[in-house]
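Notes to accompany the following structure.
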Amino acid sequence: MLLTLPALLSPEEVRHARTLLDAPDAPWVDGRVSAGAQAQHVKRNEQLAQDSAQAAELR
């Protein structure tokens, strides 16, 4: 089930998050780094490096 949370972020917060995610220096890594042993075989995505400054700011 998907839950919708309307107006969770302001338009300004969304713009700022997109700026961080689209930055040329955003450190995208293989999503399997955060997957468990079984999920690593099927997980196929990229995610922002968890220890990056961008990820810290987004949190």
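Both backbone and side-chain heavy atoms feed into the values below; hydrogens, waters and symmetry mates do not.
- Of all non-hydrogen atoms in K43 and A35, the two that sit nearest each other are CD-CB, 3.7 Å.
- Under the salt bridge (Lys or Arg N to Asp or Glu O under 4.0 Å) criterion, E46 pairs with no residue at all, not counting sequence neighbours.
- Open room surrounds CD on Q38; 12 or fewer heavy atoms of other groups in view lie less than 6.0 Å from it.
- Residues passing the side chain to side chain contact (heavy atoms under 4.5 Å, CB included) test with T4 are P6, sequence neighbours excluded.
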Distance-only donor-acceptor pairs under 3.5 Å for side chains of residues 25-32, two or more places apart:
from : atom 1 : to  : atom 2 : distance (Å)
W28  : NE1    : L21 : O      : 3.3
D30  : OD1    : R32 : N      : 2.9
D30  : OD1    : R32 : NE     : 3.2
D30  : OD2    : R32 : NE     : 3.1
D30  : OD2    : R32 : NH2    : 2.6

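- The two atoms that bring Q47 and V33 nearest to each other are NE2-CG2, 3.7 Å, heavy atoms only.
- The salt bridge (Lys or Arg N to Asp or Glu O under 4.0 Å) check on R18 picks up nothing, with sequence neighbours excluded.
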Anything under 3.5 Å between a donor and an acceptor, one on a side chain of residues 52-59, the other on a protein residue two or more places apart or in another chain? List them.
from : atom 1 : to  : atom 2 : distance (Å)
S52  : OG     : A49 : O      : 2.8
S52  : OG     : A55 : N      : 3.1
E57  : OE2    : H16 : NE2    : 2.5
R59  : NH1    : Q50 : O      : 3.4
R59  : NH2    : Q50 : O      : 3.3

